[in-house]
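In the text below, chain A, chain B and the rest are named by the order of the sequence lines, each starting its count at 1.
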Amino acid sequence: MDTLISIKPLLAVLVSLLAIPFIAYSRSPNVREGWTFLAAIVKFGIVAAMLPAVLNGMEISCSLVEVLPGLSIAFRVDAFGMLFALVASFLWIITSVYSIGYMRGLDEHAQTRYFCFFAISLSAAVGVAFSANLLTMYLFYEMLSLATYPLVTHHQDQEARTSGRKYLLYTVGASIGLVLPAMLMTYHLTGSLDFSPQGILAGTASRGTVALLLFMFVFGFAKAAIMPFHSWLPAAMVAPTPVSALLHAVAVVKVGVFSIVRVITAIFGTDLLQTFDLSTPLLLVASTTILVGSFIALSQDNLKRMLAFSTIAQLSYIVLGAALLSPKGVTGGMVHIAMHAFGKITLFFCAGAIFVATGKKNISEMTGIGRRMPVTMTAFFIGALSIIGMPPCGGFLSKWYLVLGALDADKIAILVVLLFSSLLNAGYFMPVVYRAFFCPPEEALFEARVQEAPLCCVVPLVITAVISILLLFYPQPFMNLAVMAAAKFTGI
Amino acid sequence: MSAHFPGLVIIIPLVAAFLILIGALLDKRLAFPLTALALLGSLVTAIGLLARVMQVGVVEYHLAGWAPPVGIAYRVDHLNGLVLVAVAAVAFINLLGTRPLVVEAFGDRLGPFYTLYILLVAGLLGIVVTGDAFNLYVLLEIAALTGYALVGMGEGRAPLASLNYIFMGTVGASFYLLGVGYLYLVTGTLNMADLAVRLPALYPSKVVFSAFVICLAGLCLKMGFFPLHAWLPNAYSYAPDPVSSLVAPLMTKVMVYVMVRIMLFVFTPAFAFDLTAISEPMVWMAIVAIVAGSFLALSTRRLKRMLTYIVVAEVGYMVGGFWLGNRLGISGAILHIINDAVMTLCVFLAAAALIARTGSDAIDDMQGLFKKMPVTMAVFVIAGLSIIGVPPTCGFFSKWYLISGAIAAGQYGFMAALLLSSLINLVLFFRIFEIAYFEPFEDHHAEHPTGHGRVLSAVQEAPLELLVPLVVTAALLFALGIYAGDIVSLIIDKAIPLGIV
Amino acid sequence: MESLLSNFLAKYNYWVYIGLVMIGMYAMIAKRNLVKKIIGMNIVQTAVILFYVSIGAKKGKTIPIIAHGHEETGHHAAQAIDYISPLPHVLMLTAIVVSVATLGVALALAIKIYRQYGTLEEDEIALRINEP
């Protein structure tokens with residue numbers, strides 16, 4: 001594996017941090033949003049500039065300071081990290097457009113603070129993606145937890161306070177209480193925390209210790225919302241919708257699963273987990289979360305809460321893919337990061353657009369809304385299809401690979417879980433679409449007069465919906481990256 | 001000149017103490033610049049000393065040219081070189097930052113105040129730099145007496161708290177003196193290096209063991225090690241703000257340093273860790289100290305009092321880390337002496353600014369402060385994160401070493417206590433942040449809030465004179481974190497005797 | 001029994017200082033009056049000073065001043081064994097100064113407390129503090 005030394009990864013992380021003084025001290029909102037855009041586009045540009053090299057099988061690394069003997073703050077861009085960074089930085093651009101529409105549409109307070117912390121969060125997310133070792137990842141992981149706290153609690157009311165408390169307690173509490181000791185124990189056992197394609201724990205610990213560490217990591221990265229560490233996510237839905245969209249469908253939660261997959265593949269190594277046969281308990285945990293999450297989503301009336309429970313279930317698909325330990329399963333899991341991101345962000349955008357245009361939050365109040373907001377609800381339909389995993393949407397592709405992976409690994413039970421869960425997904429999404437479009441006219445709560453949300457809100461969700469479809473036909477960058485990463489991790 | 005640095009580092013402030021007193025009689029405005037100049041001198045010499053130690057190794061200095069063991073030797077190695085810089089830097093930064101507060105509270109007594117201030121610092125520097133066990137006692141009492149006086153200058157319950165502090169402090173110091181007497185009885189010397197040479201032959205002696213226990217008990221009392229902490233919260237929380245931000249970061253930390261010094265370089269590690277079988281109980285005591293300190297902090301709703309209980313818990317960190325008896329743990333303890341000094345300075349300075357502006361130290365009165373005092377609160381958040389242990393602030397790295405040491409020693413109880421304390425600190429600080437951030441509740445959906453609560457509108461950002469040191473301290477927290485690896489490998493690693501693995 | 005007694009008598013100076021420390025500690029813990037506590041504290045300090053002074057003593061030896069040192073006839077070399085050890089005594093000069101200073105600070109604070117609360121009894125002070 002060739003390695004390039006370059007400061008591009010560092011730049012990609014820093015760009016949004018450097019933009020903060022400009023965002024904070026802008027004279028007018030327009031200038032402020034201008035800086036946000038510039039930062040977002042430059043960030044995406046830097047990440048994209050590294051793509052060709054990564055696709056050619058190179059790795060780009062950059063080491064900053066040695067903070068502990070043998071442990072540096074260091075970046076290393078590989079295929080998997082690239083995949084996630086690409087998704088996150090691209091969606092930041094779109095979300096910035098949407099944020100402007102949403103925040104101005106609702107005349108929210110403290111918008112400057114909002115844009116600043118958004119920029120910090122993105123730095124942290126890309127930092128996690130490009131981390132070369134567990135310590136760097138932990139650093140950015142914590143930074144993300146803290147930077148998103150003011151975003152989650154943006155409304156500064158009693159409800160935001162309660163939710164913020166829960167959010168911090170779960171994400172920071174679990175990472176200090178579980179990840180930190182697990183990381184130190186790993187360091188004690190191996191003398192290193194560097195990510196390595198074959199893992200670093202092999203041959204240093206007994207099965208019991210490995211199992212203990214595995215579960216400390218899996219539950220410790222509570223941002224992945226694996227049950228029973230999931231309840232912060234529905235609570236965090238008090239945040240403004242763009243925050244829910246980018247952070248709680250893409251950046252934050254994906255950082256959680258990304259970290260778990262990273263640790264499974266690059267700290268434990270698929271071989272080690274295979275040898276100790278630890279894949280089954282992991283699959284069990286993931287499957288439980290998928291099914292229970294979907295069932296709870298069925299019973300939700302608040303649209304954003306339903307989406308949150310759907311996210312909880314979908315995140316575990318990714319963990320499930322990695323836990324299958326077969327190349328196809330791991331590929332499926334990784335691609336699902338991208339596919340789910342585009343699908344779910346569309347859905348959140350739609351929820352936000354509905355709120356901006358009508359002030360409605362509950363599904364029961366949305367009967368007939370398709371007449372009023374046809375574009376939005378069509379995008380919603382496409383996003384829902386992608387999440388369910390039906391063609392012509394990208395979500396089909398990742399589910400397909402997950403199914404193949406389950407077959408490869410001879411886990412018929414997982415196959416059943418996957419299919420049943422798709423059924424459940426359809427079960428909670430389709431009624432919304434049905435109510436919106438096909439309700440009898442006399443039950444409709446809206447007049448048949450088209451009145452969409454502001455353009456800044458509608459354009460982004462159209463773009464992400466279109467991309468969700470395109471991804472089935474042109475999944476190349478994500479697919480290639482995922483295949484490469486999976487091949488490296490599983491050694492095939 | 002640089003050959004006299006070990007002497008100068010305390011002679012400068014001692015001489016300055018007289019000058020300040022006399023100068024202040026002429027003109028009160030002279031007191032502050034003189035103090036600042038003297039402390040700057042101490043800081044520069046301390047840094048020079050550390051640089052020299054890093055270049056050439058141990059620096060010996062014989063006061064008035066009398067060679068040890070007859071004369072008093074000042075001996076600077078990597079360990080006290082580092083602590084010396086920390087003490088001088090913290091004292092200097094605190095001096096600059098608290099000037100407006102001092103002028104407000106002690107405007108008529110500037111001379112005495114700054115004289116006591118600099119004598120306290122001189123005492124602490126002397127404790128750190130000396131290589132003589134009895135000299136250490138004298139300097140200990142200089143630091144302690146000035147400390148009592150400074151604490152007693154406060155309002156309200158401060159004199160009473162100070163008097164209790166005197167009782168406990170004097171007993172602690174007397175115990176230390178007694179222990180040194182026992183050592184003198186069997187060895188006939190007071191020089192630390194000399195003691196370390198003569199003691200091993202006497203290890204089986206019960207007198208040596210008694211000396212060890214009595215010294216340790218005295219030091220534990222002086223550093224406020226749970227359950228001997230009872231004097232600490234009152235003394236530190238009722239002291240005037242500029243005093244608590246000096247005493248809280250330095251006093252306990254220097255006493256921990258003295259413990260490290262005595263245990264490693266007077267008694268050898270072989271005696272302290274292996275022969276006495278006291279390590280295990282001490283670590284358990286530290287666990288109790290950490291847990292108790294954290295819960296006591298939870299039980300109070302006054303800002304300064306909460307911070308003092310955190311100090312009690314942090315003393316547990318250092319004592320426990322040291323008594324783990326392995327290289328990682330001791331590195332962690334020493335690193336934490338430095339980091340905790342800066343962290344504590346940072347929170348106490350920020351607290352002083354907040355209390356000065358809001359006029360109350362109840363955390364329920366901190367409503368809306370993120371809006372009113374954004375810079376101070378930002379610094380307070382950073383300091384809080386460091387105490388919680390979030391990377392890349394320095395608190396994370398000392399905790400890293402302490403937990404590593406706990407794992408290496410198989411002391412999972414200590415690891416659990418550290419993690420629990422981190423979580424409780426998270427709750428403690430976010431409890432404050434929540435009040436400052438969310439309250440008073442108002443309708444935020446309008447870009448222009450219509451009006452604020454009663455008192456709040458009067459509250460404004462702390463004066464620039466206080467803000468600059470605050471921001472510098474916060475930056476130090478990051479710098480110490482990022483360079484933690486270098487500090488450990490270049491300085492602390494060489495400070496610990498080779499025998500410890 | 002006899003050995004215990006002879007042991008006690010041979011090292012009576014230690015027993016005395018231990019006794020004094022105990023008395024001082026008792027006063028500091030049990031007495032409710034601040035001045036009595038301060039006295040107790042001073043007794044503890046004095047006990048330690050006595051301990052130091054006593055360990056320098058030797059039976060039948062003299063103070064470390066060379067007799068007839070400046071007379072030309074006094075040509076015999078001074079033997080350390082003939083004199084009591086001066087060092088602990090010298091050290092205690094410093095310790096006495098420290099203890100006096102401590103006493104001074106403590107009494108000053110006591111005065112300040114008395115002015116503030118009008119009493120030096122701890123329980124009464126506690127009552128005053130708890131008064132609204």
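- A side-chain donor-acceptor contact under 3.5 Å links Ser422(B) to the backbone of Leu418(B).
- Of the residues considered (Ser404(B), Ser489(B), Ala408(B)), Ala408(B) shows the highest number of contacts with chain A, using heavy-atom pairs under 4.5 Å.
- Listed options Leu146(A), Leu71(A), Ile73(A) were ranked by heavy-atom pairs under 4.5 angstrom with chain B; first place goes to Leu146(A).
- Geometrically, Arg32(A) does not engage Phe115(A) in a cation-pi contact, judged by NZ or CZ lying under 6.0 Å from the ring centre and within 45° of the ring axis.
- For Phe396(B), the part lying under 4.5 angstrom from a heavy atom of chain A is the side chain only.
- A donor-acceptor contact closer than 3.5 angstrom is absent between the side chains of Tyr309(B) and Ser294(B).
- With a threshold of 4.5 angstrom between heavy atoms, Leu426(B) approaches chain A through side-chain atoms but not through N, CA, C or O.
- Options Val488(B), Ile482(B), Ile487(B) differ in how many heavy-atom pairs under 4.5 Å they form with chain A, and the most are formed by Ile482(B).
- Heavy atoms closer than 4.5 Å to chain B are found nowhere in Phe140(A), neither backbone nor side chain.
- Contacts of Leu328(B) with chain A are absent, with no heavy-atom separation under 4.5 Å from either backbone or side chain.
- Per-residue counts of heavy-atom pairs under 4.5 Å with chain B were compared for Thr153(A), Val65(A), Leu135(A); the largest is that of Thr153(A).
- Both the backbone and the side chain of Leu184(A) come within contact range of chain B, with heavy atoms under 4.5 Å apart.
- Heavy atoms of Arg104(A) lying under 4.5 Å from chain B are absent altogether.
- Checked by atom type, the side-chain pair Tyr141(A)/Ser175(A) shows no donor-acceptor distance below 3.5 Å.
- Using a distance-only test at 3.5 Å, with no hydrogens or angles considered, no donor-acceptor pair links the side chain of Lys360(A) to the main chain of Ala351(A).
- When only modelled atom types and interatomic distance are considered, Ser145(A) and Lys223(A) share a side-chain donor-acceptor pair under 3.5 Å.
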Problem - Evaluation steps, side chain to side chain contact (heavy atoms under 4.5 Å, CB included), between Met415(B) and Ile407(B) - result: CA-CA 7 Å; Met415(B) 176 179 95; Ile407(B) 294 175; 3.8 Å; yes

